[in-house]
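In what follows, every chain begins at residue 1, and chains take the letters A, B, ... in the order their sequences are listed.
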Amino acid sequence: MNRKKGDKGFESPRPYKLTHQVVCINNINFQRKSVVGYVELTIFPTVANLNRIKLNSKQCRIYRVRVNDLEAAFIYNDPTLEVCHHESKQRNLNYFSNAYAAAVSAVDPDAGNGELCIKVPSELWKHVDELKVLKVHINFSLDQPKGGLHFVVPNMEGNMAERGAHVFSCGYQNSTRFWFPCVDSYSELCTWKLEYTVDAAMVAVSNGDLVETVYTHDMRKKTFHYMLTIPTAASNISLAIGPFEILVDPYMHEVTHFCLPQLLPLLKHTTSYLHEVFEFYEEILTCRYPYSCFKTVFIDEAYVEVAAYASMSIFSTNLLHSAMIIDETPLTRRCLAQALAQQFFGCFISRMSWSDEWVLKGISGYIYGLWMKKTFGVNEYRHWIKQELDQIVAYELKTGGVLLHPIFGGGKEKDNPASHLHFSIKHPHTLSWEYYTMFQCKAHLVMRLIENRISMEFMLQVFNKLLSLASTASSQKFQSHMWSQMLVSTSGFLKSISNVSGKDIQPLIKQWVDQSGVVKFYGSFAFNRKRNVLELEIKQDYTSPGTQKYVGPLKVTVQELDGSFNHTLQIEENSLKHDIPCHSKSRRNKKKKIPLMNGEEVDMDLSAMDADSPLLWIRIDPDMSVLRKVEFEQSDFMWQYQLRYERDVVAQEEAILALEKFPTPASRLALTDILEQEQCFYRVRMLACFCLAKIANSMVSTWTGPPAMKSLFTRMFCCKTCPNIVKTNNFMNFQSYFLQKTMPVAMALLRDVHNLCPKEVLMFILDLIKYNDNRKNKFSDNYYRAELIDALANSVTPAVSVNNEVRTLDNLNPDVRLILEEITRFLNMEKLLPSYRHTITVSCLKAIRVLQKNGHVPSDPALFKSYAEYGHFVDVRIAALEAVVDYTKVDRSYEELQWLLSMVQCDPVPYIRHKILDMLTKNPPFTKNMESPLCNEALVDQLWKLMNSGTSHDWRLRCGAVDLYFTLFGLSRPSCLPLPELGLVLNLKEKKAVLNPTIIPESVANNQEPVISTNNHGQSVGFQNTEDDHLIKETASSISGHQQGVKRKADMPLGSPLEPGQILEKNEDSKVKLKIRFSNSQEEEEIDMDTVHDSQAFIYHHLNMLERPSTPGKEQSSGEINMHPVSAAPLSVFSKESNSSKHSDHHHHHHHEHKKKKKKHKHKHKHKHKHDTKEKEKDPFVFSNSPASARSIRSPSLSD
Amino acid sequence: RAGSKQAGTPADNYHLARRRTLQVVVSSLLTEAGFESAEKAAVETLTEMIQSYISEIGRSAKSYCEHTARTQPTLSDIVVTLVEMGFNVETLPAYAKRSQRMVITAPPVTNQPVTPKALTAGQNKPHPPHIPGHFPEFPDPHTYIKTPTYREPVSDYQVLREKAASQRRDVERALTRFMAKTGETQSLFKDDVSTFPLIAARPFTVPYLTALLPSELEMQQMEETDSSEQDEQTDTENLPLHMSTDDAGPEKENTSVLQQNSSLAGSRNGEENMIDNPYLRPVKKPKIRRKK
């Protein structure tokens, strides 16, 4: 935020530069799910008066911090643990989103902030002034982490290795702070030394080169030593530990693959392809893979399918497959290719700031697209581009736009470039997951647009330039200050483009990168026979949300009788009509072949076309060089010609979609012809199936012959001699395999005049199931059988119900009985012979839900709930949960909703938690404008708590909760809540600061326990006043005598001699004094708190503003400990009003004037304090222990 | 001579007739030697002796002939036998031509005892020309000729498929019903638990294994294809080290990891230019110096 656009060099937001970091994890306990270790950061101050070092750390319990071997005081404060403080009755999402964005900013490393603030010991100040190196050594532990590191410990007999227990790092964007203290930014690069001591039966896989593996002295454990000499951001550091099987890639020995026990054969097959991806990228980028080694690890319960980190990628184990599986193969290969693309752009080359993210995602997505084109062919590539384009267009039109390169001006809310959204786009961590997915999609599409402009050759040259600069920089020593070359920024990237290509792409960037929205074209035309001119009218809708106006060139391709012609129209402000001269006279040449765009000449039956016009079809923006949606009107025969003769798959797909509106025998014929045409792209043929089903339904009264596609299917896949029996399976030809799978599914959508699935079709599908024979097939037929079940489900129509009778077996429709028979058998067989990824179970569950929904089977979530339990395969769980979500919506079940929400909080698998929220958002039980018995105050509170504090360990989950809240209640206060009390009204004129009345220093008398690093709000303090040496010594000597001291000491591995508790005390005269008291020595020292502000929140967020006083003696500590207000203590606390009024800026204000204002308010609101206190105490902290830090340390207030 | 062959036949009549002939022979030899009369017992003893002698010649001759892989004794077999028995063959022609020898009429042809014939089915095949006649005859045809006894072949594809399909379906249904009957079930209808019994869903401890690994049958095929690679995994270079460090005894998964590990390391030693991958290097022993 404090960065100007177009900055040439990279300016670090920190007053120091990190050069090297050691991470040493010396103990991992799978039983307790805990980790103990230390980190050591080597930093060079860049300013003389550096007195505080801010680092990122979440969840970790920090025992001890030393700077150059001197004990250092530190403060731990994480405002994201609880976004809006407790007392607030605010329930509107606007308020929350602002507060959340502020909280994230307050610890954002890209703004120089962090949760952990370490005070440089005064002895070192001189040292610092000479800008000499500092070594910050932090001992930490992690106990049952809820995010960042994920433990998978199967509950069974045997030791951990036998059980296949493993642990891996995970998270969304920069989430490394969840498992060790670091500068969790993509822009702070340093070299790494990583050490992991694990059980001898385990393998620790991490970034960089494995230097050596050494046994510990008892020979029970071994230590893996990794070195990463390429400067890398902490956010790209990862770890996976487990009893992995090791496979060295037979083609590239520096590549090693890891999988869980017993899966080695699958791993061999799955990774056998990877070397080709390597070759491809290295060739197009003309650059070697930047790291000296590469590791792939396949783990269970993955957070995302693919996660790329420096020199290693973590994949979901569910991507592994054997040679018999067809459908998964391309998907897995895509994942591998994606991961590898991100190794170059994302890991090796990192980003300067969040607003440059689009460049990395764009480039990696773009080169991944090139790989797709080469591997799967141009058709697949164009289909994919079209699919991505449709997705982004739909999303932008729905939500109002995706902005690739957000620039934040003065930080005023009004400047918010994304005011249409219910979340802030300033930080990756406030972003809705769906938005982020779409963001990546748009990024690579825009990259493709740039390629269209400057040519691929230049594009690749730019990438090569970025990579070679980075590689040169990476080999340099830190002192050369070259490392920032490894960071990419928007401006740097654009500059490279203009240097290499000499072209100005600024308008393009302005349109698609600096601005959100897509273009919506409406096109229609008329042919002027007299002038032989095509009059094309192109309108735009740029007023709806998510749209923007497009001005510039637009390509139109017109297929005439004489050939295909491209025209480039200039879309301008007010011109709607464009005249395009035609080349051919209508109907001149009979029986002449018609040349197509690709030079091919074909015979066409021209009888269908308009005799007066030479136009066969027209396409607007055929190359998809604008992010647009086109609605174009042309006659049905033109669509049919386009479908039959246009060779571009995108055009064919567009024609198919358009033909849905023209249910005529001619459309039917065109579709059937396409279906039969083997040269035609299989996806087009699959799409044609569904279109044909729709057309058949529209034409139901005039349809002649057997049901659509039946004879076709019979001809293609059934025996010649007995057409009612399908051939034994042979899936060698993948195109026909996919068609064979799809056709029954589409056929099942056919309906007769009574709107029922024709009996003939149902029997046909049942026969397919009956005669299915896979014995001689080289491939598994599990996907095929699953789709046959899907077909059965598609054939189900609503039950005819007589006055809502109860559904019993007796009144079961005989057709449904047959269907149910099959489903039962399939589902039961799955228990005995499970299919790959349990695809059949998934389809069965879906089908059962369809039967329930249509009233054939009593609606009951019990079955699904049993399949949704932890311990089932993830696909099965998701399918079951989807059914429960649907049930919740249809039956408006409060109980199920509660069950789902409790799963969101408790389920061990992060992906499931995320997915439940996602599914609830997509299929909500009610929406904001809907009356529903489910919508009540308790639910509002529950969800509020969930997003406010219950999901602080997982950014993605929290954003998911925000999405759900938005879907259910909208942006403003939920309608089901009573009107807000006056006392709670926001004071909007005061937006500067927000105080939390609950954050009140506790009186000295009440504090009996030293606080190490947290309190129950997570705003914790581990303060050590290292200035006061004598005190430290006294503490150390007396600590053993004190009960609590003993306990603490036991907690600390090294028995740190100094863990003083300290208390902040405020004086009545509103002057704050900090009392530092070491818990054991009854000695107190009062420090004058000139600069300490009267609110704890304020203190936290202004730590970075505190400047070191000129003389050490005046140093103030801004440490804060206790949150619990003690009503007896006269405190200068802000009341609720002032509190909430300032909330919006809450965490990141750096306005000094603010102090004054506060003081003004102080007296005014003092009297309200008591009230707050009571309220707070009444209300227990629901999630108080969820946020990471130092949970086991007793909260001072509780021990009182 | 022929007697030797028939010495063992039990048929009494036949036996007695032969014996009588031998008695006649002994008697005539005695007469020739000048005896007027002899006691019956003496004749019997001599008969016994000559019978034994002839039997021995026969037995021996048979051995010699079989020794040379024939079934019929030849003259030379007899000669060797006689020599072996200490008989001077040279004297034989002179003895045969002696003047005073008596000619005995051939014994009356008694009907040879019929060995009960095995059941014959059909005609034995004669030897083809390339097989010498002394080879044994072919056995009865029924012992080697295939006699297919098929019914009218079901060549109708449709029926076959139909059969296979319904068979499989029946098996599957019966099996799943059985499983459902014997175990816990779930039901889609509250009022009826037996018509569509669903085997209850049971969570797995390691769900991904059943979901990802091919079934056992398919697994076998896969193993066959890369068994050659697995055979190499017998190198146990690092294994002793590993065992010593593993307190918990043999651990399936780890050993497989480590075996894999060691085997690859082993193969590296075998082929010098082979894989150098840090994960395959042996784990170092701790240095003596103490940390901290």
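The shortest side-chain heavy-atom distance between A:C722 and B:R161 does not fall under the 4.5 Å cut-off. Residues A:K770 and B:E162 form a side-chain contact, since some pair of their non-hydrogen atoms from C-beta on lies under 4.5 Å apart. Between A:Y836 and B:P214, every side-chain heavy-atom pair lies at or beyond the 4.5 Å cut-off. Residues B:T195 and A:R817 are in side-chain contact: their nearest non-hydrogen atoms beyond the backbone lie under 4.5 Å apart. Looking at heavy atoms from C-beta onward, B:T205 lies out of side-chain contact with A:R163 at the 4.5 angstrom threshold. For the pair A:Y215 and B:K284, the minimum side-chain heavy-atom distance is 4.5 Å or more. Side-chain contact between B:L209 and A:Q262 is present, with at least one heavy-atom pair separated by less than 4.5 Å. Residues B:F189 and A:L812 form a side-chain contact, since some pair of their non-hydrogen atoms from C-beta on lies under 4.5 Å apart.
Proximity to chain B (any heavy atom under 4.5 Å) is shown, for A:E301, by neither the backbone nor the side chain. When heavy atoms are compared at a cutoff of 4.5 Å, B:R202 approaches chain A solely by way of its backbone atoms N, CA, C and O. In this structure, the portion of A:K295 lying under 4.5 Å from any heavy atom of chain B is its side chain and not its backbone. Using a 4.5 Å cut-off between heavy atoms, A:I325 does not touch chain B at all. Of the atoms belonging to A:E157, not a single heavy atom falls under 4.5 Å from chain B.
B:P278 approaches A:L210 most closely through the heavy-atom pair CB-O, 3.5 Å. Looking at every heavy atom in both residues, B:P203 comes nearest to A:Y870 through CB-O, 3.5 Å. Closest approach of B:R281 to A:V211, counting heavy atoms only: NH1-O, 4.1 Å. For A:K831 against B:A200, the heavy-atom pair with the smallest separation is CE-O, 3.7 Å. When every heavy atom of B:L212 is checked against every heavy atom of A:T317, the shortest pair comes out as CD1-O, 3.2 Å.
Using a 3.5 Å distance cut-off with no hydrogens or angles, the side chains of B:N277 and A:T256 do pair a donor with an acceptor. In the model, B:Q158 has no side-chain atom that pairs as donor or acceptor with a side-chain atom of A:T721 under 3.5 Å.
Within the model, atoms CZ of B:R173 and CE of A:M829 stand 12.0 Å from one another, a figure rounded to the nearest 0.5 Å.
Annotation: B:Y279 is in aromatic contact with A:F258 [ring centroid separation under 6.0 Å].
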